[in-house]
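Just the heavy atoms: all of them, side chains too, but no hydrogens, waters or symmetry mates, feed the values below. Quick caveat: nothing in here was measured; it's all calculated off a predicted structure.
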Amino acid sequence: MAERREVPDFRRSWAIIALSGSLDDATVDQVEREIQQLGGEGARLIVDISELHFLDDFGVDMLVLLAHHMHRRGGGLMALVDRHGYIRQILGEAGLEGLLPLFPSVAEAMRGLEDPPG
């Protein structure tokens with residue numbers, strides 16, 4: 001008799017998106033589509049914003065809303081990668097520093113989301 005094996009779960013649970021240019025309606029739609037494709041509880045999304053040339057209040061609001069959306073969808077988490085430190089300054093000016101996990105590289109973001117604090 002054949003041995004029964006467990007079939008791996010191939011649903012997506014991690015996604016990495018690199019944004020460039022500016023964060024606007026079109027790029028927000030792209031990120032939202034990526035979130036919709038993420039499957040399972042505790043999905044992880046990394047948004048690399050290192051190559052964004054423009055990020056205004058609308059963009060910051062969208063990132064915060066996307067992070068909340070990830071959390072509502074089964075306790076998912078989202079982190080930002082900013083190799084240049086630009087977003088840290090913007091979040092600080094908006095009084096939102098510490099609200100979104102922020103890392104200097106994708107590798108560090110992956111490690112941070114793999115075993116989040118608290």
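Within the model, atoms CG of Leu77 and CD1 of Ile46 stand 10.5 Å from one another, a figure rounded to the nearest 0.5 Å. In this structure, CH2 on Trp14 lies 5.0 Å from CE on Met110, to the nearest 0.5 angstrom. Between the CD1 atom of Ile16 and the CZ atom of Arg44 there is a distance of 13.0 Å, given to the nearest 0.5 Å. Atom NE2 of His53 is separated from atom CG of Leu19 by 11.5 Å, given to the nearest 0.5 angstrom. Separating the CD1 atom in Ile49 from the CG atom in Leu102 is a distance of 6.5 Å, to the nearest 0.5 Å. How far CG of Asp82 is from NE2 of His84: 7.0 Å, rounded to the nearest 0.5 Å.
The cluster map of Ile, Leu, Val, Met, Phe, Trp and Tyr, joined by side-chain heavy atoms under 4.5 Å apart, puts Tyr86 and Phe103 in different clusters.
When all heavy atoms are compared, the tightest approach of Leu63 to Met78 is O-CE, 3.2 Å. Of all non-hydrogen atoms in Leu100 and Ala67, the two that sit nearest each other are CD2-CB, 3.4 Å.
Under the side-chain contact (heavy atoms from CB on, under 4.5 Å) criterion, Ser20 pairs with Glu51, not counting sequence neighbours.
The main-chain N or O of Val81 is never found under 3.5 Å from a side-chain atom of Arg83 such that the two would form a donor-acceptor pair.
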